[in-house]
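Inspection log for the structure reproduced underneath, given as structure tokens.
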Amino acid sequence: MGDNESDLALVERVQKGEKRAFDLLVRKYQHKVIGVISRYVSDWSECQDVAQEAFMRAYRAMAAFRGDSQFYTWMYKIATNTAKNHLVSQGRRPPADDIAIDDAVQLDGGMRLKDRATPEHELMRQEIEQTVFATVEQLPEDLKTAITLREVDGLSYEEIAEKMDCPIGTVRSRIFRARDAIDAKLRPLLADAKVSEP
Amino acid sequence: MSQGLREQLSALMDGELSGEQTRFLLRAVDADAGLARSWTRYQLASAVIRRQAAFVPVDPDFAERVMQAVSRQSPASGYGVRILRWAGGGAIAAAVAVIALVANRPAVERSTASVAIAAVPAAPAQRSQNVFMPIAPSFDYAQPASFDTTVIALPRYDQRLRYADGSMPGAQAPYVLLIQPPQAPAPQR
């Protein structure tokens, strides 16, 4: 179980007409998608518009998504095609140095935007990273182990339960408590942010 | 914002929530915008721990703007597509039935004729051996399912069994490539 299962569950709900499920997909992937588009479109505001168009296209095509590929791989293709079409419609030429999808989905989508980030954004990024890692370090051992096995090692709840010799329900609760502790530290940090959290 | 619902959000992130629970959770998210914001912060923390993504600046209203645009769209329900697929499937089945009927008719007529002539002694070797007659391939231009702009030309070969006199018995030959690749010309002396 993991990211893809979570995405497929949401896609299924969208296909059944539940728009809120699409909202969760947008919130999950907005930064990655904007990061991908920033490889083609350098202006920040224009980048957001193209990303919005890409999500709209994805929504319209959602009924045809059958889960043959991962949702993000599919979304990535839509985002790159939307960005290229946008450039062509503006009379600009899309860059020739395309990255293979398999490599690109693994890459940090925000590389270019990060390079052009304002000092404010860069400071915010550093603060977020420090807060998250410091909070994880301060977690009680059982919560820290559970969240690390899940996020870093990518184990399922069942595998974690086996490793930690506890019921699956306990694993679920420990992971949630770890996330909640991190969230409690992030919330005030992001409350004043001029940009949203990914 | 209930702790139980946030725990369900966390389980959904990990793909550990049942379909039914997901349905109920989405209703709760609809009623409480705070849950959607928790979801985005959970995603941020997850991305940072996995060292997957950096903090990419995004307009704080981005998701809301997308959803406003989505709300103006017709629902992305799969029902319409399913109905179209069902109707399409029916149309294909009907077309196949018609083709099979038309294709088999000459064979039936031929067999009737051969019964009528059966009394007459047949001339030996009137019917030549079956051969597969190659014909030039035509090309289907197929658009892949992805959004790529590449158009692929696929050669299509006639798979029908033909007699040397050009008649067709109506049966389908096994799918084989009938055209040999071009040979290099022999060197001239």
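Numbers restart at 1 for each chain; the letters A, B, ... are given by sequence-line order, proteins then strands.
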A:Asp183 side, atom CG; B:Thr40 side, atom OG1 - distance, nearest 0.5 Å
8.5 Å
Contact winner vs chain A - B:Leu25, B:Leu9, B:Val29, B:Thr22, heavy-atom pairs under 4.5 Å:
B:Val29
Please report the shortest heavy-atom distance between A:Phe176 and B:Gln3, naming the atom on each side.
CE2-CG, 3.4 Å
Same hydrophobic cluster for A:Phe133 and A:Ile175, using side-chain heavy-atom links shorter than 4.5 Å among ILVMFWY?
yes
Are B:Trp39 and A:Lys28 side-chain neighbours, meaning at least one heavy-atom pair lies under 4.5 Å?
yes
Would you indicate whether the side-chain heavy atoms of B:Asp30 and A:Asp23 approach each other to under 4.5 Å?
no
If we only count heavy atoms from C-beta on, is the B:Met67 to A:Phe55 side-chain gap below 4.5 Å?
no
Options A:Ile182, A:Ile147, A:Thr135, A:Leu186, ranked by heavy-atom pairs under 4.5 Å with chain B, top entry
A:Leu186
Does atom CG (A:Asp68) have a neighbourhood of more than 12 heavy atoms from anything else shown, all under 6.0 Å?
yes
Of A:Gln52, A:Glu18, A:Glu158, the largest count of non-hydrogen pairs under 4.5 angstrom with chain B goes to A:Gln52
When rounded to the nearest 0.5 angstrom, what distance separates CG in A:Leu24 from CE in B:Met13?
11.0 Å
CD (A:Glu162) with more than 12 external heavy atoms under 6.0 Å
no
For A:Asp49, is it the side chain, the backbone, both or neither that has a heavy atom under 4.5 Å from a heavy atom of chain B?
side chain
So, do B:Ile49 and A:Thr148 sit near enough that their side-chain heavy atoms are less than 4.5 Å apart?
no
Answer with yes or no whether the hydrophobic clustering places B:Val48 together with A:Val152; edges join I, L, V, M, F, W, Y residues whose side-chain heavy atoms lie under 4.5 Å apart.
yes
Determine whether more than 12 heavy atoms belonging to other residues, nucleotides or ligands lie under 6.0 Å from atom NZ of A:Lys144.
yes
Can you say whether B:Ser46 sits under 4.5 Å from chain A via the side chain, the backbone, both, or neither, judging by heavy atoms?
both
Is the shortest heavy-atom distance from the side chain of A:His31 to the side chain of B:Gln43 under 4.5 Å?
no
What is the distance from atom CZ of B:Arg41 to atom CZ of A:Arg179, rounded to the nearest 0.5 Å?
14.0 Å
How long is the span from the CD atom in A:Glu151 to the CG atom in B:Asp14, to the nearest 0.5 Å?
6.5 Å
Most contacts with chain A, counted as non-hydrogen pairs under 4.5 angstrom, among B:Gly19, B:Ser10, B:Ala69
B:Ser10
Does any non-hydrogen side-chain atom of A:Lys16 lie less than 4.5 Å from one of B:Arg23?
no
So, for A:Arg13 and B:Leu26, which heavy atoms are closest and what is the spacing to 0.1 Å?
CG-CD1, 3.4 Å
Does one hydrophobic cluster hold both A:Val88 and A:Ile37, with members joined at side-chain heavy-atom distances below 4.5 Å?
no
Calculate, to the nearest 0.5 Å, the distance between atoms CZ and CD belonging to A:Arg172 and B:Gln8 respectively.
5.5 Å
A:Gln30 side-chain N/O to B:Phe62 backbone N/O, donor-acceptor pair under 3.5 Å
no
Could you tell me if the side chain of A:Phe22 sits less than 4.5 Å from the side chain of B:Val66, heavy atoms only?
yes
Is B:Glu64 paired with A:Arg27 through a side-chain N to carboxylate O contact shorter than 4.0 Å?
yes
Would you say B:Arg50 and A:Arg150 make side-chain contact, with heavy atoms under 4.5 Å?
yes
Interface moiety of A:Ile168 toward chain B, non-hydrogen atoms closer than 4.5 Å:
neither
May I have the step-by-step check of side-chain contact (heavy atoms from CB on, under 4.5 Å) for B:Val70 and A:Val26, ending in yes or no?
CA-CA 11 Å; B:Val70 160; A:Val26 172; over 6 Å; no
